[in-house]
Amino acid sequence: MSNSVPVHLRMLLAALAALMSLVLSASVLTLPAGTSDLADSVFSLMDKSGADHPVTAVLLNFRGYDTMLEIGVLLLALVGVWSFGPAPPDPATLAPAGPVLDSARSVLLPMLLIVAGYLIWVGASAPGGAFQAGAIVAAAGVLAMLTGWRPIPALRPAIEVGLALGLLVFVGVAGGTLSYVGTILLLPEEAAGSMILLIEVAATISIGLALTAVYLGGSPSHWAETR
Amino acid sequence: MQAPQLYVLAGAALVGLGLYSLFADRHLLRQIIALNIMGGGVFLVLIAAAKGGQFGDVDPVPRAMVLTGVVVAVSATALALALAGRLHRMTGASQLTIGDED
């Protein structure tokens, strides 16, 4: 049963969409330059931020609150996906994976995890950081699932701890800075670099596990039977 | 026309295309893809409009905001896809219909 939109409405929609594009481009292209001094504030405070790359400093130090809520949003989406009941069987794994995919998996999985670790480390001075590394970990997880791996019930406590770890560490740092420094997520200058690294490692584990788990499309099927 | 202006136009075009597809296509999967295209267009406009201050070339704050936006968009897409799959498994429908409720 399809209720497709009639032609005259489509033309009206096309005209409205074109109008929106025009208004958007006109308003952005005619923005007066030099009205925001945020970039100058960021660059002048870079030596106190604990990171050498300005984007990492903004993400994890100056706007760390947004990043903390972002990890919360990811977990919230996962909880929503898990509330739909057991995941449907993936058609790609109903037949066993061929030899090419299996050998690619055994070569690529360790390399992906090493690249993720490198991205966390290099995020302090070049583009990189927790979310990029978390996406690579999720790619490794999806590759594992494409070759038939599923989380067994024995792994459940470890996976749940790993999922909560990123948000817990971030909230812990927020609570610590609130009680010791007085302002939430105001990282003290001498410890900022190591605190950023700690948050990034925990967040990478969390993000990688969450994105992998969300790929299933439901809660892992064996888990429902253990309760 | 320089590169940033071209990217702003491209991002605005993506937003328009996604908006049209969101309302004109009825299949749920196409609407989710259209939302993603709109999001991509918005991110492109944000990045292209990021002009640096007197120190550097590029403003790092919009870049960090777009990174956050990408992750939130991925989470929302995952939830939307799971919802669409669940709807299809339960009722066999792949579109949302506005009809009489019984």
Side-chain angles (χ1 to χ4, degrees), chain A residues 1-5 9-10 13-14 16-26 28-29 31 33-34 36-44 53-59 62-63 66-67 69-71 73-74 76-78 80-81 84-85 88 129 131-132 134-135 207 210-211 214-215 217-218, chain B residues 4-5 8-27 41-42 45-46 48-65 67-72 74-83 85-86 89 93-99:
Chain A
M1 116 178 95
S2 89
N3 42 352
S4 57
V5 177
L9 270 183
R10 280 180 185 266
L13 278 170
L16 284 175
L19 182 66
M20 168 129 185
S21 293
L22 267 156
V23 169
L24 182 60
S25 44
V28 171
L29 285 175
L31 276 177
S36 155
D37 57 353
L38 274 179
D40 295 338
S41 315
V42 168
F43 286 123
S44 58
H53 192 60
V55 175
T56 306
V58 169
L59 260 183
F62 303 138
R63 298 298 314 169
D66 297 336
T67 309
L69 295 181
E70 175 187 359
I71 302 179
V73 162
L74 189 50
L76 202 59
L78 178 64
V81 169
F84 293 150
F131 289 97
Q132 292 86 328
I207 293 165
L211 286 175
V214 128
Y215 170 77
Chain B
Q5 280 92 324
V8 168
L9 286 178
L14 282 176
V15 169
L17 284 172
L19 192 66
Y20 171 75
S21 177
L22 178 62
F23 289 114
D25 290 321
R26 305 311 308 164
H27 196 277
V42 168
V45 168
L46 263 177
K51 303 180 181 72
Q54 63 201 69
F55 283 105
D57 272 327
V58 189
D59 195 347
V61 177
R63 289 164 64 184
M65 281 165 45
L67 266 174
T68 306
V70 166
V71 175
V72 171
V74 165
S75 317
T77 303
L79 192 54
L81 284 172
L83 270 171
R86 183 97 178 120
R89 280 199 303 280
S94 55
Q95 301 179 356
L96 292 175
T97 53
I98 307 174

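Protein chains get the first letters and strands the later ones, always in sequence-line order, with residue 1 at the start of each. When reading the values below, keep in mind they use all heavy atoms of this one structure, side chains included, and skip hydrogens, waters and symmetry mates.
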*Asks:* With a 4.5 angstrom heavy-atom cut-off, could you sort out which part of Leu14(B) is near chain A: side chain, backbone, both or neither?
*Replies:*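 Neither part; nothing is under 4.5 Å.
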*Asks:* Among the options Leu29(A), Ile71(A), Leu211(A), Leu69(A), pick out the one with the most heavy-atom pairs lying under 4.5 Å from chain B.
*Replies:* Leu29(A)
*Asks:* Testing the basics here: between Ser75(B) and Leu74(A), what is the closest heavy-atom pair and its distance to 0.1 Å?
*Replies:* OG-CD1, 3.1 Å
*Asks:* Report which part of Val42(A) has an atom under 4.5 Å of a heavy atom belonging to chain B: side chain, backbone, both, or neither.
*Replies:*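 Contact with chain B is through the side chain of Val42(A) alone.
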*Asks:* Looking at every heavy atom in both Ala78(B) and Val81(A), which two are closest together, and how far apart are they?
*Replies:* O-CG2, 4.1 Å
*Asks:* Find out whether Leu79(B) and Phe84(A) are in side-chain contact, i.e. whether some heavy atom of one side chain is under 4.5 Å from a heavy atom of the other.
*Replies:* yes
*Asks:* Rounded to the nearest 0.5 Å, how far does CE of Met65(B) lie from CD of Glu70(A)?
*Replies:*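 Separation between the atoms: 12.0 Å.
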*Asks:* So Leu67(B) and Gln132(A), do their side chains get closer than 4.5 Å, heavy atoms only?
*Replies:*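 Sidechains of Leu67(B) and Gln132(A): in contact.
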*Asks:* At their closest point, which heavy atom of Ala12(B) faces which heavy atom of Ser21(A), and how far apart are they?
*Replies:*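 The pair with the smallest heavy-atom distance is O-OG, 2.7 Å.
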*Asks:* Can you tell me which portion of Ala14(A) sits under 4.5 Å from chain B's heavy atoms? Options are side chain, backbone, both or neither.
*Replies:*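 For Ala14(A), heavy atoms of backbone and side chain both lie under 4.5 Å from chain B.
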*Asks:* Pair Val70(B), Phe131(A) - check side-chain contact (heavy atoms from CB on, under 4.5 Å), show working.
*Replies:* CA-CA 10 Å; Val70(B) 166; Phe131(A) 289 97; over 6 Å; no
*Asks:* So for Ala24(B), is it side chain, backbone, both, or neither that comes closer than 4.5 Å to the heavy atoms of chain A?
*Replies:* both
*Asks:* Out of Leu22(B), Val71(B), Val45(B), Asp25(B), which one racks up the most heavy-atom pairs below 4.5 Å with chain A?
*Replies:* Val71(B)
*Asks:* Hey, does Phe23(B) have a side-chain heavy atom less than 4.5 Å from the side chain of Arg10(A)?
*Replies:* no
*Asks:* Does any backbone or side-chain atom of Val214(A) lie under 4.5 Å from a heavy atom of chain B? Answer side chain, backbone, both or neither.
*Replies:* side chain
*Asks:* So which part of Leu22(A) gets closer than 4.5 Å to some heavy atom of chain B, the side chain, the backbone, both or neither?
*Replies:* neither
*Asks:* As an exercise, state the distance from CG of Leu16(A) to CG of Leu19(B), rounded to the nearest 0.5 Å.
*Replies:*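 Reported to 0.5 Å precision, the distance equals 8.0 Å.
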*Asks:* Kindly give the heavy-atom pair with the smallest separation between Ala49(B) and Val28(A), and that separation in Å.
*Replies:* CB-CG1, 3.8 Å
*Asks:* Minimum heavy-atom separation for Ser25(A) to Val8(B), with atom names?
*Replies:*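 Distance-wise, the nearest heavy atoms are CA-CG1, 4.2 Å.
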